[in-house]
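Note sheet for the following structure.
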There are 2 protein chains.
Amino acid sequence: MTLSPVEESEFGVSGCLDTKQRLLDAAVKIFSEKGFHATSMRAITQEAQTSLSAANYHFGTKEELLRLALQQRVKLFNDRRLTLLQKSKKEAGEATLSIEQVFEAYLQPFFERRTEWVFQGVSPAGLAIRLYLDMPEFVARVRKEAFTVINHRFVTELEEALPGFSSCVLEEALQLGTGVAIHAAIDVFEMNLNASDEKKRAGSRLENTVRFVAAGVCAVNGGPFIGPSDLGENS
Amino acid sequence: MTLSPVEESEFGVSGCLDTKQRLLDAAVKIFSEKGFHATSMRAITQEAQTSLSAANYHFGTKEELLRLALQQRVKLFNDRRLTLLQKSKKEAGEATLSIEQVFEAYLQPFFERRTEWVFQGVSPAGLAIRLYLDMPEFVARVRKEAFTVINHRFVTELEEALPGFSSCVLEEALQLGTGVAIHAAIDVFEMNLNASDEKKRAGSRLENTVRFVAAGVCAVNGGPFIGPSDLGENS
DNA sequence: GTCTATATGTTGATAGAC
DNA sequence: GTCTATCAACATATAGAC
């Protein structure tokens with residue numbers, strides 16, 4: 001997995017690639033691969049072919065380096081969302097957009113690997129996702145083990161409830177449902193960092209999530225829409 | 001935030017609470033609060049009122065301690081799922097369960113704080129969620145900052161597409177959509193640890209996710225179901 | 001601006017007495 | 001089984017030469 005440490009960057013502020021930008025690129029690369037905690041400043045400076053002190057001169061702390069690196073990449077990501085949104089609005093003319101169109105603009109960049117984004121194998125979405133799921137490899141493995149049996153049990157159950165669906169689709173549905181529930185339950189466990197103003201009805205959180213997931217599963221494979229469409233193909 | 005270090009444990013293998021179990025309880029508590037990386041063995045042993053060597057004697061490594069602690073808690077979580085499933089099947093009699101019923105059994109424990117589970121303020125779901133979103137506080141803050149503007153923009157857009165919906169509901173919908181997309185995109189970025197057998201059609205991943213989320217949002221607040229129901233109240 | 005060298009603290013894990 | 005004492009490796013951060 002050897003690769004030339006510096007080739008070219010689409011973020012270069014000046015003509016040539018200075019140390020600061022090399023550090024930002026290296027930070028994006030290694031943060032994306034290993035997450036925040038598991039990444040050491042030494043690894044980043046080594047990747048950028050510079051020294052530990054240079055990094056501290058430019059950024060002060062590891063946290064500030066992450067902040068700037070993330071900002072640089074996320075800007076590309078979010079600009080892309082706005083571009084997609086504008087494109088849809090232009091095509092729609094006077095009509096208002098459907099929620100499908102809005103969500104498509106919002107979610108599509110997660111699934112794209114635009115060549116002008118990818119730098120040393122890393123795309124902006126890769127970093128964002130990595131920071132969301134910032135667990136060491138071992139944790140992911142143990143967690144997966146702990147839920148293998150129960151998930152298999154529930155896939156079997158879903159197969160009974162939805163006879164026409166393939167098991168791998170239902171596996172995926174269960175994974176998506178877990179993702180939804182986790183995000184829905186975050187502030188139930190007071191792990192949210194924003195002021196939970198609690199204007200949302202807490203009591204109906206479970207019911208809403210169940211409805212959300214069940215409707216989503218049916219929409220994906222039980223609806224009129226089977227297989228790939230032409231959505232997003234003109235990107 | 002002082003609390004008596006040892007009160008009682010529902011996991012006691014023997015009559016009294018030995019060092020090994022105290023370590024497991026302390027591990028669950030601190031792993032749940034801080035995640036894996038940010039938790040030191042010293043913090044766990046201090047909480048358990050024992051020494052670092054005792055932990056290493058019983059578990060060998062920090063990873064093994066996490067594995068065993070997680071297994072112990074997850075068993076309660078998954079047993080609860082099975083109980084709920086059995087209850088629904090019993091009530092259904094001969095009829096097969098709906099997917100709503102299946103997902104309800106699967107997801108409900110995420111939102112429960114059963115008194116017999118909670119030990120020193122930690123429930124099994126709390127640990128599972130923490131391990132999913134195992135980021136340091138700083139990372140969560142920076143990530144949130146980076147997406148504040150764009151999220152506000154898309155909430156505005158959704159308000160236009162769904163005039164009757166409240167903005168806080170749409171904020172929540174966007175968060176859930178992000179959760180879905182992240183989980184759906186994980187193996188797009190080859191961050192999945194299981195052998196991605198790629199029998200799932202990769203090309204339609206985005207379209208399925210968009211449909212999933214859009215249908216989910218409508219089902220939660222556009223469907224016949226508004227506000228709290230009696231689902232799960234008899235738990 | 002960038003480097004070498006170092007300060008200071010923490011980590012997970014181990015050795016050996018009891 | 002549990003402890004004290006210690007290890008080597010790693011972390012972030014800084015001082016000062018150039």
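These values consider heavy atoms only, across backbone and side chains, with no hydrogens, waters or symmetry-generated copies. Residue numbering restarts at 1 for every chain, and letters A, B, ... go by the order of the sequence lines. The shown structure was predicted, so the numbers you read here are calculated from the model rather than taken from an experiment.
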*Which whole-number value in Å describes the distance from A:H37 NE2 to C:dT10 P?*
15 Å
*asked:* Would you say A:H58 places a side-chain N or O within less than 4.0 Å of OP1 or OP2 belonging to C:dT2?
replied: yes
*Check whether the ring centres of A:F110 and A:F77 lie less than 6.0 Å apart, and answer yes or no.*
yes
*Nearest-Å distance, NZ (B:K34) to P (C:dT11)?*
11 Å
*Could you tell me whether A:K62 sits above the aromatic face of A:F31, with NZ or CZ closer than 6.0 angstrom to the six-membered ring centre and within 45 degrees of the axis?*
no
*Candidate pair B:R153 and B:E157, rule salt bridge (charged side-chain N to carboxylate O under 4.0 Å, His left out), full reasoning*: CA-CA 6 Å; B:R153 175 76 168 85; B:E157 212 62 41; 2.4 Å; yes
*Could you run through nucleotides 3-15 of chain D and give me one letter per nucleotide, 5' to 3': B if any protein heavy atom sits under 4.0 Å from the base, S if only the sugar-phosphate is that close, - if neither?*
BBB-----BBBBB
*Can you name the nearest heavy-atom pair linking B:I99 to A:A214, along with the distance?*
CD1-O, 3.5 Å
_Restricting to side-chain contact (heavy atoms from CB on, under 4.5 Å), what partner residues turn up for B:N78, sequence neighbours left out?_
A:F147, A:I150, B:V74, B:R81
